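All heavy atoms count here, side chains included; hydrogens, waters and symmetry mates do not. Fair warning: this is a prediction, and the values are worked out from it, not measured in the lab.
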Amino acid sequence: MSGASFITKESWSDPEQEFRASFGMWVFLSTELLFFGGLFLAYAELRSQNYEAFAEAGKHASFFYGTLNTFILMTSSFAIAIAVGAQERTDIKLVRFALVATLVFGFGFLIVKGLEYHEDIEEHLIPGAEFPSGMPAAQMFFALYWVMTGLHALHLTVGLGVVGRVWLIARRAELPENFHRTLEVSALYWHLIDVIWVMLYPIFYLVGRST
């Protein structure tokens, strides 16, 4: 390996322990999908009852920021996939570079999201007395928008901490034997964030655009 070598300390004590760790991550990811799944079901039910209001409200969501962040997040997932592939080829330099790229794109996503939220606040797109539309259903749309995109941003922030930790490990002169597993489960979490956003993008940024 270029620039680093694997060592046995910090490795899993046995294969069963490694399996339990991997299985635990899959269970965690499943609970996260169930959690967001409930919110998606709530959105689907409310939209079915208030189709026109949701379509009109969707036109006020920033298509530019939503599309830009979709590109940024998908690129970040591509970067961490490169890191996993590079680790399998024991190319630690590429692993480090790809992890940095993932972090840069992740922070970029949050910056763009912050700009979008600032614009939304200026336009009073927060459910309440100053909401521009008199339709209660439009406020339901933006209540879900703030909750679901906010929770996604929170998960992405946690993901940045997870990927950052992996990057710090990758900078060591000698890598622990279980580094590949640490990287893989971290990439799984990052891909989950990407998958959730891919589902959020059409329901908030594309709804109502064709009418």
Side-chain angles (χ1 to χ4, degrees), residues 28-80 102-164 188-211:
F28 169 74
L29 295 179
S30 299
T31 60
E32 290 293 290
L33 287 174
L34 288 173
F35 172 71
F36 274 96
L39 294 173
F40 282 112
L41 284 175
Y43 174 96
E45 176 63 21
L46 290 172
R47 184 184 175 186
S48 68
Q49 298 175 7
N50 307 277
Y51 181 82
E52 292 184 2
F54 268 48
E56 183 61 30
K59 296 177 182 179
H60 295 280
S62 176
F63 176 75
F64 171 75
Y65 285 132
T67 302
L68 177 59
N69 259 345
T70 301
F71 171 79
I72 290 174
L73 198 55
M74 292 185 71
T75 305
S76 73
S77 274
F78 179 66
I80 202 167
T102 303
L103 292 170
V104 169
F105 283 114
F107 280 112
F109 179 96
L110 292 180
I111 291 172
V112 172
K113 179 55 65 179
L115 294 173
E116 180 185 357
Y117 280 164
H118 176 72
E119 185 177 285
D120 292 335
I121 292 171
E122 286 191 333
E123 296 180 5
H124 305 290
L125 296 177
I126 301 177
E130 296 185 358
F131 193 79
S133 174
M135 294 183 294
Q139 297 196 48
M140 293 181 196
F141 174 90
F142 276 99
L144 289 168
Y145 163 83
W146 283 100
V147 170
M148 296 176 74
T149 61
L151 284 171
H152 176 267
L154 177 62
H155 280 73
L156 190 141
T157 301
V158 173
L160 287 172
V162 171
V163 175
L188 281 174
Y189 180 76
W190 193 264
H191 290 315
L192 171 69
I193 296 171
D194 187 19
V195 168
I196 291 173
W197 180 258
V198 167
M199 293 188 289
L200 291 175
Y201 175 65
I203 69 173
F204 288 122
Y205 299 97
L206 300 184
V207 61
R209 298 291 175 179
S210 61
T211 59

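- The shortest side-chain heavy-atom distance between Leu73 and Leu156 falls under the 4.5 Å cut-off.
- Contact of the His191 side chain with the Ile80 side chain is registered, since non-hydrogen atoms from C-beta on lie closer than 4.5 Å.
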Worksheet entry | Steps toward ring pair (Phe, Tyr, Trp, His ring centres under 6.0 Å) verdict (Phe131, His60) | CA-CA 12 Å; Phe131 193 79; His60 295 280; 8.2 Å; no

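- Of all the heavy atoms in Ala79 and Thr102, the pair that sits closest is CB-OG1, 3.5 Å.
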Worksheet entry | Stepwise side chain to side chain contact (heavy atoms under 4.5 Å, CB included) check, Phe71 with Val112 | CA-CA 11 Å; Phe71 171 79; Val112 172; over 6 Å; no

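- In terms of heavy atoms, Ala53 sits closest to Ala138 at CB-N, 4.3 Å.
- With sequence neighbours excluded, the residues forming a side-chain contact (heavy atoms from CB on, under 4.5 Å) with Met148 are Leu39, Phe40, Leu144, Leu200, Ile203, Phe204, listed by chain and number.
- No side-chain heavy atom of Asp120 sits less than 4.5 Å from a side-chain heavy atom of Ile126.
- Counting only heavy atoms from C-beta outward, the side chains of Leu192 and Ile196 approach each other to under 4.5 Å.
- Residue Thr75 holds its OG1 atom at 9.0 Å from CG of Asp194, rounded to the nearest 0.5 Å.
- Side-chain contact check for Phe107 versus Leu160: some heavy-atom pair is nearer than 4.5 Å.
- Within the 3.5 Å criterion, the main-chain N or O of Tyr117 finds no donor-acceptor partner in the side chain of Trp146.
- With contacts defined as side-chain heavy-atom distances shorter than 4.5 Å, the pair Leu151/Phe36 qualifies.
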Worksheet item: side chain to side chain contact (heavy atoms under 4.5 Å, CB included) between Arg47 and Phe141: does it pass, once the steps are laid out?
Response: CA-CA 8 Å; Arg47 184 184 175 186; Phe141 174 90; over 6 Å; no

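- The distance from atom CG of Leu125 to atom CD of Gln139, rounded to the nearest 0.5 Å, is 10.5 Å.
- Thr70 pairs in a side chain to side chain donor-acceptor pair (under 3.5 Å) with only one of the listed residues (Tyr201, Tyr65, Trp197, Tyr205), which is Trp197.
- Gln49 is linked by a side-chain contact (heavy atoms from CB on, under 4.5 Å) to Glu45, counting only residues two or more places apart in sequence or in another chain.
- Around the CE atom of Met199, the shell of radius 6.0 Å holds more than 12 heavy atoms that belong to other residues, nucleotides or ligands.
- Minimum interatomic distance between Asn69 and Gly108 (heavy atoms only, all atoms of both residues): OD1-O, 4.3 Å.
- Proximity of His155 to Tyr189: side-chain heavy atoms (C-beta onward) are separated by under 4.5 Å at one or more points.
- Rounding to the nearest 0.5 Å gives a distance of 11.0 Å between CG of Leu115 and CG of Leu110.
- Between Trp190 and Ser77, the shortest heavy-atom contact is CD1-OG, 3.7 Å.
- We find the CG-NZ distance between Leu206 and Lys59 to be 13.5 Å, quoted to the nearest 0.5 Å.
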